[in-house]
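Some notes on the structure that comes next.
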Amino acid sequence: MTVTRPQIGDWKSIEELRALQERQLAPLLARAARSPFYRARESGRSAPATAADLRSLEPTSKQDLRDAYPFGLLAVNRTELATYHESSGSAGQPTASYYTEGDWADLAERYARKWVGIEPSDVFLVRTPYALMITGHLAQAAARSKGATVVPADSRSAATPAARTVRLLHRLGVTLTWSNPTEALLWAAAARAAGLDPATDFPSLRALFVGGEPLSPARRARISALWNAPVVEEYGSTETGTLAGQCPQGRLHLWADRVLCEVLDPSSGKLSEEGRGRLVVTPLYREAMPLLRYNLDDEVEVEYTDCACGWRLPVVRVLGRGGFAWPVGTGTVDQQQVEDLVFGLPASDGVLFWRARAGRDLLHIQVESQAAGVERRLTEAVARSLGVPCRVEALAPGSLVPTSVLTSNPDALKPRGLFGPEEDWAQALLYY
């Protein structure tokens, strides 16, 4: 069955957007009623069929998905599945996700909604995991749907260390990349280690697509300056696909025409359209695995506001996984706050890599930098912005990210059992 999904510009106001969401809820809820999980959950009650019914449902949690592992949320015949995936398990036991070909059409369209469009002439380097997670497969599907050439430089493969990735970027004339933001910093350091200037020696590169971790404005600006190319952020998950994308004005917008989004106040349990809290989503076109009010447990701020881009979609700030903030002194700190201060240092300080430990009485930050005064500048910035006691330690380059990580090209070993008379056959153990 051919499904017509909305495209940006199909609505002229927030009211039209809400009407579009409402029209899609009935077929979605009918699909969800075929899921064993939701069928059991609504046992003894009429199946939800309207927006009001949906708003009466308790959010679906990650634990619900873990308890239903692997196929408890399957709403189609298993023969209709195109792919099966699992999350990274960064917050506990992994969760399962599965998609039909129709689901993949929606996933690819959402990913490709970049203000820097994907074109047939593009050489697109995908530097995120393939394996069980969705991220690499998602970018490849979107790029191929636009006719681009894909370079599958899987970030979990020993065959593509940082040095080889930089060589691919340089020799192939890569035009677009997909990675987490930290990878883009590693490439910059590896390029310099190879005698290349990331700002001038990669003239084909026209944008870096990034996701997978919170990105502060200061770090985004630093990566863009390093590579002399725009950094285009997106936000999503293995369970849902892309949920938000960055507009030309630099703001993240929720794809609310494809996913109904709500904000959960964890203290009161109240769900609302906007505000600060945990993001709760209902993908509107999901076939294989409908999710109703799925709590991603990510801390966000959502606001319905006008934006010069004209997309008429809610704006979201992604603050990180819920609870990932620590008390220090009389205040609290989270990663985005510290990151913004670290990358707010002058570019001449040369800081690419850092780490911090939030103790009860002291925030200890280490940065790789040999610039004079960097410790004083960052200490003052923390005191001014966060008001917590802080100790900053400047380390020599290579202390946090060893030079070997940036320059080595280890062999991609293949199984081998027969060795010559002068070879070390103990290497066979490396294959097991």
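Keep in mind that the numbers below use all heavy atoms, side chains included, and drop hydrogens, waters and symmetry copies. Keep in mind it's a predicted model, so treat the numbers as computed, not measured.
Under the 3.5 Å distance criterion, with hydrogens and angles disregarded, a donor-acceptor pair is assigned to the side chains of Y38 and T60. When only modelled atom types and interatomic distance are considered, T160 and R127 share a side-chain donor-acceptor pair under 3.5 Å. Side chain to side chain, D122 and T175 meet the donor-acceptor criterion of an N or O pair below 3.5 Å. Judged purely by distance below 3.5 Å, without hydrogens or angles, the side chains of D67 and Q63 pair a donor atom with an acceptor atom. If you check the side chains of D53 and S56, you find no donor sitting under 3.5 Å from an acceptor. A donor atom on one side chain and an acceptor atom on the other are not found under 3.5 Å apart for E273 and Y304. In summary, the side chains of E213 and T182 do present a donor paired with an acceptor at a separation below 3.5 Å, with no hydrogens or angles considered.
A donor-acceptor distance shorter than 3.5 angstrom exists from the side chain of W11 to the backbone of R312, with no hydrogens or angles considered. Looking at R222, its side chain does come within 3.5 Å of a backbone N or O of F343 through a donor-acceptor pair. With hydrogens and angles disregarded, a donor-acceptor distance shorter than 3.5 Å links the side chain of R220 to the backbone of G250. Side chain of D103 to main chain of A288: a donor-acceptor pair is present (N/O by atom type, distance under 3.5 Å, no hydrogens or angles). Judged by distance alone, with hydrogens and angles left aside, the side-chain atoms of E368 form a donor-acceptor pair with the main-chain N or O of V401 at under 3.5 Å. No side-chain donor-acceptor contact under 3.5 Å links T95 to the backbone of R66. The backbone N or O of V210 sits nowhere less than 3.5 Å from a side-chain atom of S179 that would complete a donor-acceptor pair. Although no hydrogens or angles enter the test, the distance criterion places a donor-acceptor pair under 3.5 Å between the side chain of Q24 and the main chain of L284. Not a single donor-acceptor pair under 3.5 Å links the side chain of E86 to the backbone N or O of S97. E262 places no side-chain N or O within 3.5 Å of a backbone atom of L271 that could act as its donor or acceptor partner.
Between R41 and E58, none of the side-chain N atoms (NZ, or NE/NH1/NH2) sits under 4.0 Å from a carboxylate O, so this pair counts as no salt bridge. The pair E299-R276 meets the salt-bridge criterion, with a side-chain N (NZ, NE, NH1 or NH2) lying under 4.0 Å from an Asp/Glu carboxylate O. Under 4.0 Å is where a charged nitrogen must lie from a carboxylate oxygen, and between R258 and E109 at least one such pair does. Using a 4.0 Å cut-off between a side-chain N of Lys or Arg and a carboxylate O of Asp or Glu, E234 and K114 qualify as a salt bridge.
Around the CG atom of N77, the shell of radius 6.0 Å holds more than 12 heavy atoms that belong to other residues, nucleotides or ligands. At most 12 non-hydrogen atoms from other residues, nucleotides or ligands lie less than 6.0 angstrom from CZ of R357.
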> Does the pair W227 and L169 meet the rule for a side-chain contact (heavy atoms from CB on, under 4.5 Å), with working shown?
Replying inline: CA-CA 12 Å; W227 288 99; L169 291 168; 4.2 Å; yes

>> Before you tell me yes or no, could you show the steps for V351 and L378 under side-chain contact (heavy atoms from CB on, under 4.5 Å), namely the whole-Å CA-CA distance, both residues' side-chain angles and the distance that decides it to 0.1 Å?
In response: CA-CA 11 Å; V351 176; L378 186 52; over 6 Å; no

>> Test side-chain contact (heavy atoms from CB on, under 4.5 Å) on F202 and H170; report intermediate values, then the result.
In response: CA-CA 6 Å; F202 300 80; H170 190 242; 3.6 Å; yes

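The closest side-chain heavy-atom distance from V259 to T240 is not below 4.5 Å. Side-chain contact check for T135 versus L138: every heavy-atom pair is 4.5 Å or farther apart. For the pair R206 and L176, the minimum side-chain heavy-atom distance is below 4.5 Å.
Pairing each heavy atom of A153 with each of L168, the nearest pair is CB-CD1, 4.4 Å. Across all their heavy atoms, A356 and L363 have their closest contact at CB-CD1, 4.2 Å.
For the atom pair NE2 of H85 and CG of L132, the computed distance is 8.5 Å after rounding to the nearest 0.5 Å. A distance of 8.0 Å separates OG of S237 from CG of D298, quoted to the nearest 0.5 Å. To the nearest 0.5 Å, the span separating CD on Q21 from SG on C261 amounts to 8.0 Å. Once rounded to the nearest 0.5 Å, the distance linking CG of L313 with SG of C247 reads 9.5 Å. With values rounded to the nearest 0.5 angstrom, L291 atom CG is found 6.0 Å from L65 atom CG. For the atom pair CD of Q336 and CG of L319, the computed distance is 6.0 Å after rounding to the nearest 0.5 Å.
In this view, R391 and L362, H364, E393 satisfy the side-chain contact (heavy atoms from CB on, under 4.5 Å) rule, not counting sequence neighbours.
The ring-ring contact (aromatic ring centres under 6.0 Å, His included) pairs that include a residue from residues 42-81 are F71-Y84, F71-Y98, where partners are two or more places apart or lie in different chains.
If you run ring-ring contact (aromatic ring centres under 6.0 Å, His included) between F209 and each of W178, W115, Y235, F124, only F124 comes through.
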